[in-house]
Amino acid sequence: MKTAVVTGGNKGIGREIVRQLKQEGFHVVLAARDEKRGSTAAAEEGAEFIRMDVADEKSILEFAKQFGKKFNHLDVLVNNAGILKKEDRSVLASSQELMNETFAVNAYGPVRVTKALLPFLGNGSRVIMVSSGGGSMSDDIAGWAPVYCVSKTLLNAFTRHLAHELAPKGIFVNAICPGWVRTDMGGKGAPRTVQQGADTVTWLATTDKVHSGGIFRDRKKIDW
């Protein structure tokens with residue numbers, strides 16, 4: 001059976017990714033920091049729950065240990081978990097604590113999770129980073145949530161380097177921009193649905209035309 005892990009899968013885009021991958025025939029392991037919300041979401045979506053806090057190295061390693069007790073391979077890893085702090089309005093005004101927390105979840109977390117689950121990833125496996133157009137180095141600076149945006153810039157850079165390092169193993173690594181989606185993070189005024197935000201992840205997870213080292217929006221490659 002095809003297996004997938006989705007971090008931050010208890011709500012928003014993550015939960016919709018879980019739902020879509022289930023529809024594609026994957027056995028999905030939903031990972032989330034909040035055990036109650038995560039287990040409830042997993043039960044409702046027909047997925048399996050294993051707790052993971054992507055900002056906590058011990059929690060990540062424990063997840064990998066528990067995953068290994070049930071599975072010997074991982075076909076798709078979706079690094080979706082992310083945070084955007086409401087105080088994130090200025091680089092100069094942001095505290096070191098805010099920057100550390102944002103980078104720990106949004107940038108370092110996906111790398112740590114990928115490293116911990118690498119023994120289960122093999123030829124043809126896919127690693128998908130849920131990034132943001134806010135991390136673009138080619139678009140104009142919009143001025144919103146700058147620390148969050150820079151954390152996604154770093155995630156994009158990690159994506160490119162991981163794609164290079166894992167290419168000899170036949171593992172494909174890409175990032176996606178879901179666009180401005182109606183979630184707790186995106187707000188009620190966002191123009192896109194969670195279904196639209198999750199679609200490119202599902203496409204990268206299932207398409208025969210595999211890619212690596214790119215960032216995609218609406219199934220099309222975009223500039224970094």
So which atom in Cys177 and which in Ser132 form the shortest heavy-atom distance, rounded to 0.1 Å? SG-C, 4.0 Å
What are the two closest non-hydrogen atoms of Phe49 and Ala42, and how far apart are they? CB-CB, 3.7 Å
Salt-bridge test for Glu62 and Arg51: reply yes if a basic N is under 4.0 Å from a carboxylate O, no otherwise. no
Does NZ in Lys2 sit with more than 12 non-hydrogen atoms of other residues, nucleotides or ligands closer than 6.0 Å? yes
Name of the residue among Val5, Val18, Asp75, Val6 meeting side-chain contact (heavy atoms from CB on, under 4.5 Å) with Phe26: Asp75
Taking Ile222 as the starting point, is it possible to reach Phe216 by hopping between hydrophobic residues whose side chains are less than 4.5 Å apart? no
Ring-plane angle category for Trp144 and Tyr148, please: parallel below 30°, perpendicular beyond 60°, tilted otherwise. tilted
Any heavy-atom pair between the side chains of Trp203 and Arg219 that's under 4.5 Å? yes
Heavy-atom closest pair, residues Leu61 and Ala116: CD2-CB, 4.3 Å
Got a donor-acceptor contact below 3.5 angstrom from the Thr200 side chain to the Asp218 backbone? yes
When rounded to the nearest 0.5 Å, the distance separating OG of Ser94 from CD of Glu101 is 12.0 Å
Any heavy-atom pair between the side chains of Asn80 and Ile13 that's under 4.5 Å? yes
Hydrophobic cluster identity match, Ile50 and Leu118, side-chain contacts under 4.5 Å: yes
Charged N to carboxylate O below 4.0 Å: is that the case for Lys22 and Glu45? no
Are Phe120 and Phe71 an aromatic pair by the rule of ring centers under 6.0 Å? no
Note: Gly213 and Arg160 closest approach over all heavy atoms is O-CG, 4.4 Å
Flag side-chain contact, heavy atom, 4.5 Å: Lys169 against Leu121: no
For the side chain to side chain donor-acceptor pair (under 3.5 Å) test, which of Asn106, Thr7, Thr114, Thr159 pairs with Asn79? Thr114
Report yes if the side chains of Ile128 and Leu77 come closer than 4.5 Å at any heavy-atom pair, otherwise no. no
Do Asn174 side-chain atoms and His211 backbone N/O form a donor-acceptor pair below 3.5 Å? yes
Over 12 non-hydrogen atoms of neighbours within 6.0 angstrom of CD in Glu44: yes
If you count the non-hydrogen atoms of other residues, nucleotides and ligands that lie under 6.0 Å from NE2 in His73, is the total more than 12? yes
Say whether Glu24 and Gln20, considering side chains only, have a donor N or O and an acceptor N or O under 3.5 Å apart. no
With a 4.5 Å heavy-atom cut-off, do Ser136 and Asp223 have their side chains touching? no
Using a distance-only test with no angle check, is there a side-chain donor-acceptor pair under 3.5 angstrom linking Gln195 and Asp199? no
Less than 4.5 Å apart, any side-chain heavy atom of Thr153 and any of Trp224? no
Decide whether Val54 and Ile83 are clustered together by the hydrophobic rule: side chain heavy atoms of Ile, Leu, Val, Met, Phe, Trp, Tyr closer than 4.5 Å, transitively. yes
Without swapping roles, check the side chain of Ser59 against the backbone of Asp53 for a donor-acceptor pair under 3.5 Å. yes
Full working for side-chain contact (heavy atoms from CB on, under 4.5 Å) between Met129 and Val127: CA-CA 7 Å; Met129 311 293 196; Val127 178; 4.1 Å; yes
Hey, is the main chain of Leu74 close enough, under 3.5 Å, to the side chain of Ser125 for a donor-acceptor pair? yes
Thr40 side chain vs Arg37 backbone, donor-acceptor pair below 3.5 Å: no
To the nearest 0.5 Å, what is the distance between CG (Leu30) and CZ (Arg19)? 11.0 Å
Joint cluster assignment, Ile215 & Val78, ILVMFWY side-chain distance < 4.5 Å: no
Scanning both residues in full, the closest heavy-atom pair of Ala163 with Ser212 reads CB-OG, 3.5 Å
Interatomic distance, CG@Leu21 vs OG1@Thr3, rounded to 0.5 Å, equals 10.5 Å
Which distance, rounded to the nearest 0.5 Å, do you find between the CD of Glu35 and the CG of Asn10? 12.0 Å
CZ (Arg126) and CG (Leu166) are apart, to the nearest 0.5 Å, by 14.5 Å
Of the non-hydrogen atoms in Gly38 and Ala32, which two are nearest, and what is the gap between them? CA-CB, 4.1 Å
Please check if Val113 and Val173 belong to a single hydrophobic cluster, counting links between Ile, Leu, Val, Met, Phe, Trp and Tyr side chain heavy atoms closer than 4.5 Å. yes
